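Whatever order the structure lists them in is the order used to number ligands and atoms, beginning at 1. Owing to the predicted nature of the structure, the values given are computational and were not obtained by experimental measurement.
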Amino acid sequence: MGNIAVYPGSFDPITNGHVDLIKRGLKIFDRLIVLVAYNPSKDSRFTVEERVEMIQEVIKNMEGVSVDSYYGLLVDYVRDHGASVLLRGLRALSDFEYEFQMALINRKLNREIETVFLMTGYRWFFTSSKIINEAASFGGNVKGLVPELVYQNLLKKYKQGKE
Ligand code: PNS
């Protein structure tokens, strides 16, 4: 079955930083499952279905990647899908404490699962879905920070909000 990693996140929406991580993750793992998971401490802008659809479009020509969504404990999903690795991206210092906490709780919950971190590409070091949404919602130009389809969807979403 090969080496399967689950790359979980809110992906609200998927950014070029995420895409970069998927591509680099594929150099390490045979298969990658991009998982739209539920983060109880975040309000979402796009529905789970919309987020999955955008990811599907972005990965359609990439071999070895699939997308799924899940509401529940991450480590249970990983176990049930024959994977043993969680892949996460690390940006500047601000990510560290939260990621450390998550990796440790996930290890406490299931010692068979390891979290592997990849440093985010330097071009994406200071971007996040949250900051991109914020900029787009005030009419800021976020072209180049997200895949073209996501950019078009952001334009639509925030134009609608103003009507
Ligand atoms: O992109 P995000 O919002 O930083 O991703 C966080 C996410 C969705 C991976 C995290 O909230 C998560 O794992 N949610 C599922 C519930 C869970 O297993 N939480 C961690 C152990 S309490």
Side-chain angles (χ1 to χ4, degrees), residues 3-26 28-29 31-59 62 65-137 142 145-147 149-151 153-154 157-158:
N3 204 351
I4 308 173
V6 173
Y7 176 28
S10 301
F11 300 105
D12 188 32
I14 186 166
T15 67
N16 282 348
H18 295 130
V19 177
D20 175 61
L21 212 86
I22 293 171
K23 288 182 179 159
R24 288 164 48 221
L26 276 175
I28 304 171
F29 303 103
R31 260 193 63 204
L32 213 59
I33 304 173
V34 181
L35 186 69
V36 178
Y38 177 64
N39 183 341
S41 56
K42 279 185 181 169
D43 292 326
S44 52
R45 280 88 174 172
F46 290 93
T47 66
V48 170
E49 291 73 23
E50 287 171 328
R51 286 180 258 162
V52 167
E53 253 175 55
M54 285 188 267
I55 297 170
Q56 230 149 22
E57 187 58 29
V58 169
I59 64 170
M62 295 184 201
V65 199
S66 56
V67 59
D68 199 0
S69 63
Y70 183 67
Y71 182 94
L73 206 56
L74 199 51
V75 289
D76 290 348
Y77 180 94
V78 175
R79 179 201 58 208
D80 295 346
H81 289 76
S84 57
V85 174
L86 277 166
L87 177 66
R88 292 282 289 176
L90 260 192
R91 285 168 307 195
L93 284 178
S94 54
D95 275 347
F96 187 78
E97 193 177 342
Y98 169 63
E99 292 300 334
F100 200 60
Q101 256 182 354
M102 275 226 302
L104 288 182
I105 186 75
N106 285 333
R107 186 138 61 91
K108 163 102 184 86
L109 295 171
N110 187 332
R111 296 198 75 79
E112 303 302 312
I113 296 168
E114 287 295 341
T115 304
V116 170
F117 294 102
L118 284 181
M119 294 305 288
T120 297
Y122 72 91
R123 289 175 67 198
W124 320 115
F125 222 66
F126 294 101
T127 60
S128 65
S129 300
K130 183 169 179 275
I131 211 81
I132 287 170
N133 267 300
E134 190 173 321
S137 72
V142 296
L145 297 177
V146 289
L149 160 95
V150 175
Y151 173 66
N153 283 348
L154 282 167
K157 172 169 284 293
Y158 291 116

Sub-4.0 Å protein heavy atom near atom 19 (N) of ligand 1:
no

To the nearest 0.5 Å, what is the distance between CG on Leu21 and CG on Leu26?
10.0 Å

Parallel, tilted or perpendicular: ring planes of Phe11 versus Tyr7, cut at 30 and 60 degrees
perpendicular

Under 4.0 Å between a Lys/Arg side-chain N and an Asp/Glu carboxylate O for Asp20 and Lys23?
no

Among all protein heavy atoms, pick out the one at the shortest distance from atom 13 (O) of ligand 1; state its residue, atom name and that distance to 0.1 Å.
Leu74 CD2, 3.2 Å

Distance under 4.0 Å to a non-hydrogen atom of Lys42: what atoms of ligand 1 satisfy this?
1 (O), 2 (P), 3 (O), 4 (O)

Could you tell me which atoms of ligand 1, counted from 1 in the order shown, lie closer than 4.0 angstrom to a heavy atom of Ala37?
8 (C)

Glu99 side chain near Leu90 side chain, heavy-atom distance below 4.5 Å
yes

Note: His18, heavy atoms under 4.0 Å from ligand 1, region reported as neither

Per-atom contacts, ligand 1 versus Gly9 - under 4.0 Å to a heavy atom
1 (O), 5 (O)

Polar-atom distance check: Met102 versus ligand 1, any N or O pair below 3.5 Å?
no

Looking at Ser10, is its backbone amide N or carbonyl O close enough to the side chain of Arg51 to form a donor-acceptor pair, meaning the two atoms are under 3.5 Å apart?
yes

Within ligand 1, which atoms have a heavy atom of Leu73 less than 4.0 Å away?
18 (O)

Protein residue, atom and distance nearest to atom 1 (O) of ligand 1, heavy-atom basis:
Ser10 N, 2.9 Å

Judging by distance only, is a nitrogen or oxygen of Arg88 under 3.5 angstrom from one on ligand 1?
yes

Using a 4.0 Å heavy-atom cut-off, say whether Tyr98 meets ligand 1 through its side chain, its backbone, both or neither.
side chain

Once rounded to the nearest 0.5 Å, what's the spacing between atom CD1 of Ile132 and atom OG1 of Thr127?
4.5 Å

Does Arg24 use its side chain to pair, donor to acceptor, with the backbone of Met119 at less than 3.5 Å?
yes

If you count the atoms of ligand 1 from 1 in the order shown, which ones are under 4.0 Å from a heavy atom of Asn106?
20 (C), 21 (C)

Evaluate the side-chain proximity of Val146 to Ile14: yes if any heavy-atom separation is below 4.5 Å, no if none is.
no

Compute the shortest N/O to N/O distance between Glu99 and ligand 1 and return yes if it is under 3.5 Å, no if not.
no

Identity and separation of the nearest protein heavy atom to atom 14 (N) of ligand 1:
Tyr38 O, 2.9 Å

Does only the side chain of Val75 get under 4.0 Å from ligand 1, or the backbone, or both, or neither? Count heavy atoms.
neither

Would you say Gly72 contacts ligand 1, with heavy atoms under 4.0 Å as the rule?
yes

Rounded to the nearest 0.5 Å, the CD1 atom of Ile55 sits from the CG atom of Leu149 at a distance of 11.0 Å

Which value, rounded to the nearest 0.5 Å, describes the distance between Trp124 atom CH2 and Phe126 atom CZ?
14.0 Å

